[in-house]
Amino acid sequence: MIERFERFSLAIAEISRCWHKLAGEEMKAYGLKGAHATYLTILYRYPAGITVPELCELCLKDKSDASRMLAILEEKGLVRKEGGYGGAVLLTEAGRTAAIQVRQRASRAVEAGGKDLTDEERAVFYKALGSIADNLRALADEGIPE
């Protein structure tokens, strides 16, 4: 069991490390950090904009993180807020252009990362990954049973 735990933990850590490095490299062109990539790609899916709480839910981030990230994106001219407090956040034209670029590059990276997998293996992998995430989320909320 320990070997499985170690393999899982190390693989997840390595995937995360590599992904953050790749995202960081991509975002340098915009003077941003890798974490901004997630915000841009999610905002791209909502051309009419979404609220900060909705964005937090989709990014799995807290409001303080989202506020910091959005302030930087707004300063760079990539997002704007409409409707005052509680209003929508949406991409500017420059933000849409950046998001398209980031989405294309991320898609290439994901494709290259799974290049040795068949479509069936990929489907099983994502189903298993989703199940593990759901189960670990429940354990994080409820605690590990005795």
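Values in this document were obtained by computation on a predicted structure and should not be read as measured data. All residue numbers in this chain count up from 1 along the given sequence. What's counted below: heavy atoms across the whole structure, side chains too, no hydrogens, waters or symmetry copies.
The existence of a salt bridge linking Glu111 and Arg108 is excluded, since no basic side-chain nitrogen approaches an acidic carboxylate oxygen closer than 4.0 Å.
Using a 4.5 Å cut-off between side-chain heavy atoms of Ile, Leu, Val, Met, Phe, Trp and Tyr, with links allowed through other members, Val124 and Ile132 fall into different hydrophobic clusters. Hydrophobic clustering (ILVMFWY, side-chain heavy atoms < 4.5 Å, transitive): Ile12 and Leu136 are in one cluster. Two different hydrophobic clusters hold Leu22 and Val102 under the rule that ILVMFWY side chains link at heavy-atom gaps under 4.5 Å. Clustering ILVMFWY residues whenever any of their side-chain heavy atoms sit less than 4.5 angstrom apart, transitively, puts Ile42 in the very cluster that holds Ile100.
Smallest separation of non-hydrogen atoms from Gly77 and Ala94: O-CB, 3.9 Å. In terms of heavy atoms, Leu40 sits closest to Gly95 at CD2-O, 4.3 Å. Considering every non-hydrogen atom in both Lys63 and Val52, the closest pair reads CG-CG1, 4.2 Å. Residue Arg122 comes nearest to Leu117 through the heavy atom pair NH2-O, 3.2 Å, listed as atom of the first residue, atom of the second, then distance.
Note that OH of Tyr39 is 6.0 Å distant from SG of Cys56, once rounded to the nearest 0.5 Å. If you take SG on Cys59 and CG on Leu43, they are separated by 7.0 Å, rounding to the nearest 0.5 Å. In this structure, CE on Met69 lies 7.0 Å from NZ on Lys61, to the nearest 0.5 angstrom.
Legend: residues meeting salt bridge (Lys or Arg N to Asp or Glu O under 4.0 Å) with Arg17, ordered by chain and number and at least two apart, are Glu14. Listed by chain and residue number, Lys28 satisfy the side-chain contact (heavy atoms from CB on, under 4.5 Å) test with Glu25 (two or more places apart in sequence, or in another chain). In terms of the side-chain hydrogen bond (donor to acceptor under 3.5 Å, both in side chains) criterion, Ser9 has no residue partners (sequence neighbours excluded). Residues passing the side-chain hydrogen bond (donor to acceptor under 3.5 Å, both in side chains) test with Glu82, sequence neighbours excluded: Arg80. Residues forming a side-chain contact (heavy atoms from CB on, under 4.5 Å) with Glu75 (at least two apart in sequence, or on another chain): none. Remark: Asp62 pairs with no residue by the salt bridge (Lys or Arg N to Asp or Glu O under 4.0 Å) rule, at least two apart or across chains.
Of the possible donor and acceptor atoms, one in the side chain of Thr41 sits under 3.5 Å from a partner among the backbone N and O of Ala37. Judged purely by atom type and a 3.5 angstrom limit, His36 has no side-chain atom pairing as donor or acceptor with the backbone of Leu32.
Under the 4.5 Å side-chain criterion, counting only non-hydrogen atoms from C-beta, Leu73 is not in contact with Leu91. At least one side-chain heavy atom of Tyr44 sits under 4.5 Å from a side-chain heavy atom of Arg103. Side-chain contact check for Val110 versus Trp19: some heavy-atom pair is nearer than 4.5 Å. Considering only heavy atoms from C-beta on, Glu26 comes within 4.5 Å of Arg105 through its side chain.
No side-chain donor from either of Ser107 and Gln104 sits under 3.5 Å from a side-chain acceptor of the other.
Other residues, nucleotides and ligands place more than 12 heavy atoms under 6.0 Å from the CZ atom of Arg45. Surrounding CG of Asp141 are more than 12 heavy atoms belonging to other residues, nucleotides or ligands, all under 6.0 Å away. Glu57 CD: 12 or fewer foreign heavy atoms inside a 6.0 Å radius.
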> How far apart are the C-alpha atoms of Tyr46 and Leu90, what are their side-chain angles, what is the distance that settles it, and do they pass the side chain to side chain contact (heavy atoms under 4.5 Å, CB included) test?
Replying inline: CA-CA 7 Å; Tyr46 297 88; Leu90 55 151; over 6 Å; no
>> Show, in sequence, the C-alpha distance, side-chain angles and deciding distance for Leu60 and Thr38, and conclude whether the side chain to side chain contact (heavy atoms under 4.5 Å, CB included) test is met.
In response: CA-CA 10 Å; Leu60 303 175; Thr38 301; over 6 Å; no
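Partner Leu70 forms a side-chain contact (heavy atoms from CB on, under 4.5 Å) with one of Leu78, Asp65, Val89 and no other, that one being Val89.
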